[in-house]
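Notes follow the structure.
Throughout, a chain's letter reflects where its sequence line sits, starting with A, and its residues are numbered from 1.
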There are 2 protein chains.
Amino acid sequence: MVTVKQPTPRVLTCDDLTDDQDQMARQVLARTFGPWSMWALHVMYSEARPLRFSRILERVEGVSQKVLTQTLRTLERDGLITRTVFAEVPPRVEYELTTLGRALLKRALPVWNWIVTQVPKLERAREAYDAR
Amino acid sequence: MVTVKQPTPRVLTCDDLTDDQDQMARQVLARTFGPWSMWALHVMYSEARPLRFSRILERVEGVSQKVLTQTLRTLERDGLITRTVFAEVPPRVEYELTTLGRALLKRALPVWNWIVTQVPKLERAREAYDAR
DNA sequence: CCGTATCCAAGCCGATACTG
DNA sequence: CAGTATCGGCTTGGATACGG
């Protein structure tokens, strides 16, 4: 078997992915755009500085402590945020977007801002569907 | 009570939304970027013509009939696709993106294409996390 | 302060069988 | 062909109590 030299470092497209890689890409996007993740990331993005757990918990209204913990852990595992523990009393934990996380948010926020402008349309579509 | 005339049709921003509207916007995005929804929408977007249920089922590998049915119903309820039933034997059902759905996909696909290029980084981040 | 552990209820998903 | 109906296992999330 002969190894063929790659002429240029090809840009990855959808079809270049293995099934595992494809699944990872889809799941990271799915998690990022999940209601709690999106909200938490948005908070971190607009603050643009390290945030304590309790600050995030305050701003992401309606999320429970348990679910926020899980959400942030997953975002950390996906490489979108960092989690820094300070050995103090009382303990302090700070979260911040990584470069990758900021890059993703930069691309996701236009979609968010656009969907916000479409809310009236979404409401009308929902009503029309439910009326049948 | 006096009706105040709106000077200009304001562009909606995040803060103009009621809690219900905010929740609808977040949930529609969350659903759209869900792994199955994203895949199904992508298939419809690239075909750019009405697709039968079974065609979509073939292309969205790994999804069960039940879950695909649910997924498509939700997308229809969100106003992103249309569902047309033909009174034939055997029955035929066709799905197609709405204008709103196409507009959303047009904005979502760049994010998808970008995340695909970041898969190596995602894999490294995951490995680093799991190694601790 | 920032979690983890535990219990419990609700909902999701696959498999299977059946219908217009 | 494109569903609906049903059942059972599994995951998920809230509430609460406790720990470093």
Test item: A:T74 and A:S37 side chains (from C-beta on) under 4.5 Å apart, heavy atoms:
no

With a non-hydrogen cut-off below 4.0 angstrom, is B:F86 in contact with a base, only sugar-phosphate, or nothing?
nothing

Of the non-hydrogen atoms in [X] and [Y], which two are nearest, and what is the gap between them?
X	Y	answer
A:V111	B:V111	CG2-CG2, 4.1 Å
A:I81	A:L72	CD1-O, 3.4 Å
B:W36	B:G62	CH2-C, 3.7 Å
B:M44	B:L51	CA-CD1, 4.1 Å
B:G79	A:A125	CA-CB, 3.7 Å
B:R31	B:D78	NE-OD2, 2.8 Å

Can you list every pair that meets salt bridge (Lys or Arg N to Asp or Glu O under 4.0 Å) and has a residue in residues 95-121 of chain A, with sequence neighbours left out?
none

Would you say A:Q27's side chain and A:M24's backbone share a donor-acceptor pair under 3.5 angstrom?
no

N-O pairing of A:R83 and A:E94 below 4.0 Å
no

Between B:R55 and B:E58, does any NZ, NE, NH1 or NH2 come within less than 4.0 Å of an OD or OE carboxylate oxygen?
yes

Where chain B begins and ends its contact with DNA chain D, read 5' to 3' at 4.0 Å from heavy atoms:
D:dC1 to D:dT6

Phosphate oxygens OP1/OP2 of C:dC13: is one of them under 4.0 Å from a side-chain N or O of B:S64?
no

Hey, does the side chain of A:Y95 come within less than 4.0 Å of C:dG3's phosphate (OP1/OP2), counting only N and O?
yes

Heavy-atom contacts under 4.0 Å between residues 37-61 of chain B and DNA chain D, which residues?
B:R52, B:F53, B:S54

For DNA chain D, what residues of residues 67-79 of chain B have any heavy atom nearer than 4.0 Å?
B:T69, B:R73

Could you state the CD-C1' distance from A:Q65 to C:dC2, rounded to the nearest angstrom?
6 Å

Pairs: protein N or O with nucleotides 5-11 of chain C N or O, under 3.5 Å:
none

More 5' along DNA chain D: A:P91 or A:V63, using each one's nearest nucleotide?
A:V63

Residue met sooner reading DNA chain C from 5', once A:R92 and B:G62 are mapped to nucleotides:
A:R92

Could I get the full list of side-chain contact (heavy atoms from CB on, under 4.5 Å) partners for B:E61, not counting sequence neighbours?
B:W39

Which of parallel (below 30°), tilted (30 to 60°) and perpendicular (above 60°) describes B:Y95 and B:F53?
tilted

